[in-house]
2 protein chains.
Amino acid sequence: MFVTGHNPSEQDNSAAATVSIRDVARAAGVSYQTVSRVINDHPNVSQKAREKVNSAIAELGYRPSRAARALASGVDRAVTVLTSNTSLYGYAETLGGIEEAARSAGVQVAIRVLESDRDQDVAAAVEGVSDPRAGAVIVLAFDRAGARALRALPANVSSSAAAESYLGRRAQKSESARWVWFDDTLAAQRATEHLLELGHRTVHHLAIPSTTNVGDRERGWKRALSAAGAPVPEVIRPRSWRAAGAHEAALSLLMDPAVTAILCGNDEQALGVIRAAHDRGVRIPEDVSVVGFDDVPTAAFYTPALTTVRFDFAALGRRAFELLVSPEDAPLTEPTLIVRESTGPAPRT
Amino acid sequence: MFVTGHNPSEQDNSAAATVSIRDVARAAGVSYQTVSRVINDHPNVSQKAREKVNSAIAELGYRPSRAARALASGVDRAVTVLTSNTSLYGYAETLGGIEEAARSAGVQVAIRVLESDRDQDVAAAVEGVSDPRAGAVIVLAFDRAGARALRALPANVSSSAAAESYLGRRAQKSESARWVWFDDTLAAQRATEHLLELGHRTVHHLAIPSTTNVGDRERGWKRALSAAGAPVPEVIRPRSWRAAGAHEAALSLLMDPAVTAILCGNDEQALGVIRAAHDRGVRIPEDVSVVGFDDVPTAAFYTPALTTVRFDFAALGRRAFELLVSPEDAPLTEPTLIVRESTGPAPRT
DNA sequence: GCCATGTTTGTGACCGGTCACAATCCTTCT
DNA sequence: AGAAGGATTGTGACCGGTCACAAACATGGC
């Protein structure tokens, strides 16, 4: 009853033998090429043939083989996301956005995490995804590891979330990587301006360790400071993106009475600062104002609720995926400052 | 110079034509089958041949084609993770664990998110991954959508994180899905006992909406309560896993002076409760004690620092992957109660 | 020295699609 | 009616591997 003589298993083969394009063709009374045309929506297929094929497909429960398709066509309809983290909010949300867009385009999403930013690990990861036949690649270049991986990719370029374009067959080396990113400069500038407007003499900046766009944020922060003629304090660089590092750094920072406003690299760090303030008996926002970045879902429930800059990471992810298909520049939602309880007027001296 | 006459592109073909097993064979002076044996670590290959092949591989920069392999062998070395969320802590960490284990086993990780728990969406997702040729499937059955998807999968079974076993060729319908999960009952029991020991008359439970293991947690909670002869209050069920729902629910719950201890479904909810307490002027832990579940990285920095039950989600993920290969039951780290500042002695009446 | 047995190597077919090109079928126009 | 031209359909080869089986080569026992 089966066509394939490949699998010699004699056992009760109730499990349906995998049905191929040829089986469908036979059942529909057409050639396999016609079936191929139908499943690929080619224009030149008669209505009658199309119907016959479609019902045969439904009847036999035919499902095209991704592998065969990839092999024959030379490209896999898949995207591999290269990221150094799966659980940090920004990364995870971006991944979600990519998946959403990819899913609705019928493209598979694979994920590959970068263990570290050491050359060896980066090289291994890049090696694993740099086969054009394996589909496209999107690098989450939020951190050094990502940025390095992006640089190491065949066609190079660098920024926040970048989309290496391999999807189409004709994508050649001439086609370089495309990228999307938020306007971090503007975001940082706005946040800083907000604090300045509240009367703070200056704003201290507790940064994320070595990011790609760290430059951007610092630029925005400095720009706002300079525009207001405020002094530019040295940037504080904790040892991690996490709350722990920020907490530790803030513990000493808060001893300085000149510090009345702190711009943090992300919400988690802001939480560390808030906690440090609590530990030191410093009131927020009465004594010190704190601003975060990201607007994680919990930020509104911190005590005090966090003033922060919201980024639409999911949109970033969707956009990164779309770039694989159409390289057109589409605007990304601008980051928005969400003012809550952690910022207030500068204390009177 | 090229063997494949398939691609007629005449352009400067500096981009290396994809090298196949046959090219390597020719360069090494052996048959393609021998090359296949080498790259698959077959035992019966002479040392000499192996070396020749390996150097030819290195020289030509050969990379096996995943697609061709999948097509020829009938199975793809890939796992698809079915999850309804990418950014919630537990999900994201579990995904990370799966990826880690899969990566070191040379297996690709794909991800497919479940949009909702509606039959239609679940069916679509299952349909997309239920092709045995496409590799294995791991379902993150933490919620209803996941549980349903798990049930809808060809070989069924249900629990927290489940590993549908298709990886090996011989995996047949007889091989049912394997699963791993935490001992939620014990975890809830321990947490409840902790509160009871602090002198609380009873413990209120603010649950996660309709989870697979909701039963387990409630059982543990009830067990501890009963064992202590404490009354069993009605379970509070907010409308989401998020802080918002818990915050809203807690706002009214905290008006009840009988409520002195709350066991929350997760840390985010606990944060919502803490915030609600702040809003109501209820002190934690002096007036009310709060316990969470998960131990998210920020829990230690809440004010007050959260007492919670830590789960090793990454280990859960790794284990789920391993189950695909070896169905042996290996113990999973037990959840641990981390006592911090949010729990304290019951207030004196 | 010869045969049995095990190891190493090679050949042809096949997996399930796509591609290039040729053949057949309709229409429409002169 | 015949030819031109587009629409529709079919055929053979190929993608890059694996599988089953056979051939060639060693090794060892009697």
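Quantities reported herein were computed from a predicted structural model and do not represent experimental measurements. Each chain gets a letter, A, B and so on, in the order its sequence line appears, and its residues count up from 1.
A donor-acceptor contact shorter than 3.5 Å links the side chain of A:Arg148 to the backbone of A:Asp117.
Using a 4.0 Å heavy-atom cutoff across all strands shown, B:Ala70 reaches no nucleic acid atom at all. Using a 4.0 Å heavy-atom distance criterion, B:Arg66 is classed as making no nucleic acid contact. Across all strands shown, A:Ala67 has no heavy atoms under 4.0 Å from either base or sugar-phosphate atoms. Residue B:Arg50 is out of contact with every strand shown, counting any heavy-atom pair closer than 4.0 Å.
A sub-4.0 Å separation between OP1 or OP2 of D:dG17 and a side-chain N or O of B:Ser73 is absent. The shortest distance between the side-chain N/O atoms of A:Ser65 and the OP1/OP2 oxygens of C:dG17 is not below 4.0 Å. Taking 4.0 angstrom as the limit, A:Ser20 places none of its side-chain polar atoms (N or O) nearer than this to OP1 or OP2 of C:dC15.
With hydrogens and angles left out, the side chain of A:Arg37 and the base of D:dG10 share a donor-acceptor pair within 3.5 Å. Put simply, the side chain of A:Arg69 and the base of C:dG16 share no donor and acceptor less than 3.5 Å apart.
Contact record, A:Ile111 with A:Thr86: CD1-CG2, 3.9 Å, taken as the closest heavy-atom pair. Of all heavy-atom pairs between A:Val19 and A:Leu60, the closest is CG1-O, 3.5 Å. Pairing each heavy atom of B:Gly317 with each of B:Ile98, the nearest pair is O-CG1, 3.4 Å.
You'll find the side chain of B:Val24 stays beyond 4.5 Å of the side chain of B:Ile39, heavy atoms only. Put simply, the side chain of A:Val35 reaches to within 4.5 Å of the side chain of A:Val30, judged on heavy atoms. Side-chain atoms of B:Thr94 and B:Phe142, non-hydrogen and from C-beta on, do get closer than 4.5 Å to each other. Inter-residue side-chain proximity for B:Glu100 and A:Val113 is flagged as unmet; no heavy-atom pair is nearer than 4.5 Å.
Looking at residues 51-62 of chain A, you'll see that no heavy atom sits under 4.0 Å from any atom of DNA chain D.
In this structure, A:Tyr32 atom OH and C:dC19 atom C1' are separated by 10 Å, rounded to whole Å. Distance B:Asn44 CG to C:dG6 C1': 9 Å, rounded to the nearest Å. Taking atom CD1 of residue A:Ile21 and atom P of nucleotide D:dG10, one finds them 12 Å apart after rounding to whole Å. If you take NZ of B:Lys48 and C1' of C:dT7, they are 15 Å apart, rounded to a whole angstrom. Following rounding to the nearest Å, B:His42 (NE2) and D:dC19 (P) show an atom-to-atom distance of 7 Å. Computed from coordinates, the B:Asp131 CG to C:dG16 C1' distance equals 12 Å when rounded to whole Å. Atom CD in A:Gln47 sits roughly 17 Å away from atom C1' in C:dC26 (whole-Å rounding).
Closest approach to the A:Leu71 side chain among D:dT18, C:dG16, C:dT7 is made by C:dG16 (side chain taken as heavy atoms from C-beta onward). The side chain of A:Gln33 sits closest to C:dC19 out of D:dT9, C:dC19, C:dG16. The side chain of B:Thr34 sits closest to C:dT9 out of C:dT18, D:dC19, C:dT9. Comparing C:dG17, D:dG17, C:dT11 by their closest approach to the side chain of B:Arg22 singles out D:dG17. Candidate nucleotides D:dG16, C:dT9, C:dT8 were compared by shortest atom distance to the side chain of B:Ser31, and C:dT9 ranks first. Candidate nucleotides D:dT18, D:dA13, C:dG17 were compared by shortest atom distance to the side chain of B:Ile39, and D:dT18 ranks first. Closest to the A:Thr18 side chain, of the nucleotides C:dT18, D:dG16, C:dG16, is C:dG16.
Checked against salt bridge (Lys or Arg N to Asp or Glu O under 4.0 Å), A:Glu59 has no partners two or more places apart in sequence or in another chain.
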Verdict with supporting geometry, B:Tyr62 and B:Val53, side-chain contact (heavy atoms from CB on, under 4.5 Å): CA-CA 11 Å; B:Tyr62 165 77; B:Val53 170; over 6 Å; no
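Between atom CZ of residue A:Arg77 and atom CZ of residue A:Arg69 there is a gap of 8.0 Å, rounded to the nearest 0.5 Å.
The C1' atoms of five pairs define one axis at each end of the helix from C:dG1-D:dC30 to C:dT30-D:dA1, and these two axes lie 40° apart (to 10°).
Comparing B:Ala49 and B:Arg133 by the nucleotide of DNA chain C whose heavy atom lies nearest to each, the residue mapping closer to the 5' end is B:Ala49.
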